[in-house]
Every structure is written in C-alpha cells, then in structure tokens.
Amino acid sequence: MRIHAEQALLPEGWARDVVVSVAGGRIATVQRDVPGGRGCLIPAPVNLHSHMFQRAMAGLTEARTAGQDSFWTWRTLMYRFLEQLSPEDVQAIAAQVMVEMAEAGFGAVAEFHYLHHGVDGQIYDDPAEMAARIVQAAKETGLGLTLLPVLYEQGGCDGRKLAGGQLRFGNDFKSYYDILEASSEHVKVLPDGRTGVAPHSLRAVSRGSLAQVAGLTSGPVHLHIAEQMAEVTEVQAAYGARPVDWALANLPLDGRWCMIHATQMTAGETAALAATGAVAGLCPITEANLGDGIFDGTGWRAAGGVWGVGSDSNVRISLREELQLLEYSQRLRDRARAVLADARSTGRVLIEESARGGAQAAGRDAGRIAPGAWADLTLLDTRSLALEGLQGDAVLDAFVFAGDDGLVTDLWSAGRHIVQDGRHIARDAVAARFRKVLQRLRGAL
Ligand code: ZN
C-alpha cells in the first residue's frame, strides 16, 4: 500500500511530495520529491488514557446536585450509571468511542480498563469478559489498542473495603492476575495489540501491591496520580508525603510508566518526575470538566519531560481540542501567548510531542513517520478553507487553533485505512448500535 501526500512531517522535519509505503502494518519506505499527492500527513498520536464506558454518560453531569458540585458528585452518578452496563453495552460503547477517536485523528488508544465484573462484583465465567469486549471493538473498528487492566483493591488509603458501584472494579492480587493473563490471550487476535498494567491510584491500591504490580509485565504501567487536592491531602495524611513525592521515593519509575494527570505537583516534584523518563498523561478536557487544576506544562517541558494526551472520561473526543486546551490553560495562567512553542510553532510542538509521548505511554512502536514504525498516520485536508495555502508548521497551528475535526480526512492505524473522506468505514453500523444502548441507559437513569 502507498500513501501519497503533498507534505509530511518526518522526524527530520517537513518534506514535500512524500510517498509512504506500508507493509504488514508498518512503514516500509519513505520517499520524497514524488509530486502528485494530496493533504498533509502527520504521525497519528495515541490517545493514552481512556475509560470508554464513560462516553455513554457524557454531558449528563453538568448540573449541580448538592451544594457545591465537585468531582465526587460526578463519581456518584458514574457509579449509578455503571450498574446498568452489560458486556454487550460495553462493546457497543467501545466501538463508538474508537470510531470517534479515529475520526479525530488518534491512531490508537490505551484503555485504562477497570470495569471487570458483573453487578455486585460477580466474576464472569471468563474473568476477562469485559476486556474481551474491548478487544472485539478494536477488531471491528481497526483502531490500535493497548489494553491496561486495572488493579483496584480498596476504597481509600486506609484500606477500607469497596462498596456499591466499586464492586465491579475490585480485585485482589490473585484475581487481578487471572484477568491480566486472560486479557493478554484475548489481545493476541490484534496484530498490533499490547497489554500493560494499571494500578488504579495510590488511594485504590495497597502499598504492597503497588510495589509488585509493575513486575507482572514488560509493557507499560499506568497510574492515576495527583489529580485532585483531596487526593493529595489523603495520601499526605496516610503516607506522610505528597503523591508524586511518595511515588518518586517508592516506585521504580522509568520510561515504562505513565503518570495520569499529575496536576498537583510542586516545582520540585515536576522536575524530579520528568527526570525519571515517565510520561505525563494529560487529559486537558476532562481535567477542565472536573475542575482538577492546571498542569505545569512549561515546567514539565523545561525539565525535559515527555507527555501525551488522552480523553479520559470521553466527555468530548477531539485530539485538536485536547492540545488546544493544554496550550490555552498555560496562556490563561501566564497571561502570555505561544507558551509551549520553541524554535517550532506551538501546533507543531503539540503534535510532535504528543505523538512521541503517546506512543511511549502505550508501548507502541509508532509516533513517527519512519521505516519500521507502525503506520499510524493522519491526513489533513489542505484543500479546506482553514488550511488553504499553508505549509509546514502553519498547517498544524491552523489545525489545532483555528480548524475543526473535519480536517481529518483519512486515518491509518497500523496501516488499516479506517477513516476515509472524513468518515470511519463502519461509522453508521456502530452508531446505530450505540444509539440503542443510549436509549436504554438514559431511560433507566
Ligand atoms: Zn482516568
């Protein structure tokens, strides 16, 4: 297969009239100076953090329920909602989410998967039934998947038992291991699929298990950390250190790790965490939606930190809006413009760095248009009004800050051409099934 673009963002910079040949899902060759292509070809970033089932409750938690609304009231509705979800529902929702991610320009997803069990915590015959459904959705939609089964043991740092909706997430170390093993088997049907592990957070996993869980895999290790001030206070009271300080002192952090959110960090924590090589997994839209706070993007990048973006709650699925909001949050805080730009423009920094960090976080050999990498590629419509006459960095600035998601005309995930002319190839069938799930769920709330 050949992809022929008018311009392309290669590791060494912009090139014109580029032909990318793909074999076995990977980029085989990259030729320049072959006129006659169309569009602007960029590496498609991985969406590094998602809880797909939450897409079905997007937009339902925007009213105040009791006093000052907060993350915690959001979580209450989420628990009520997920009592309704069957494995079939999860597959239908996951497929819809994957279609939307591909149409937004994401080349793959790392799913932080914690809805393991039936209602009341009953274990399915296949303990990885829910994981299998997500794998099936990836197979149907062709979006690359790194599956991260989540270890969730307790209701807080004090070791309190899980209750209510949390029972569907809960495992001890042994039952978690069974799910991880069975998940790895399921993922084998995906040629580019991977598994990793995800200890949910310092609150939900005991210190003993946190020390062991990374040893269960050679794949990525993802952990929610320092998202909300309440979490900082709880961890500090229980363990005597702020969450990131505690992780730095007690966990074998390196480039395999992805620290999700890392919003609440001191300057010292920011520099020390960046130096470990761990990826900061940022979810700007969800973090804004939940009122988490502003990640220190300038401090992180100054310390050489690697980062990428994910859509987390999936309240909105848009690559360009995640990147735009990351930059805008820095501008609003600093009262400055082009805060994340360097010798490259802001849009280019955002695309290049999120592609690199997303691939690292997913343990996926991608994020660059170069021989050997998975062919995760996004094509932008340079015939559109938003991109008319633009070249190089200016294309990405216009895409991120002035465009819309319709600028993504084509997307390949490990060479699978799943978005064509702006539409996922299975969009209608997947949407029809998702609509039925929404009708039932919303009727039941
Ligand atoms: Zn999350």
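Both ligands and their constituent atoms are indexed starting at 1 by order of listing. The figures that follow rest on heavy atoms only: side chains count, while hydrogens, waters and symmetry mates do not. For this chain, numbers begin at 1 and follow the sequence in order.
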Validation row: Glu231, Gln264 side chains within 4.5 angstrom (heavy atoms): no
Qualifying ring pair (Phe, Tyr, Trp, His ring centres under 6.0 Å) pairs with a residue from residues 160-190, counting only residues at least two apart or across chains: Tyr79-Phe169, Tyr114-Phe169, Tyr152-Phe169
Sequence neighbours excluded, every pair satisfying ring pair (Phe, Tyr, Trp, His ring centres under 6.0 Å) that has a member inside residues 303-333: Tyr328-Phe401
For Ser86, side chain to side chain donor-acceptor pair (under 3.5 Å) partners two or more places apart: Glu88, Asp89
Expected output: side-chain Glu322 to main-chain Ile285 donor-acceptor under 3.5 Å: yes
Heavy-atom closest contact (Val150 atom, His200 atom, distance): CG1-CB, 3.6 Å
Atoms of protein origin (N, O or S) under 2.8 Å from the Zn ion (ligand 1): His49 NE2, His51 NE2, His224 NE2, Asp312 OD1
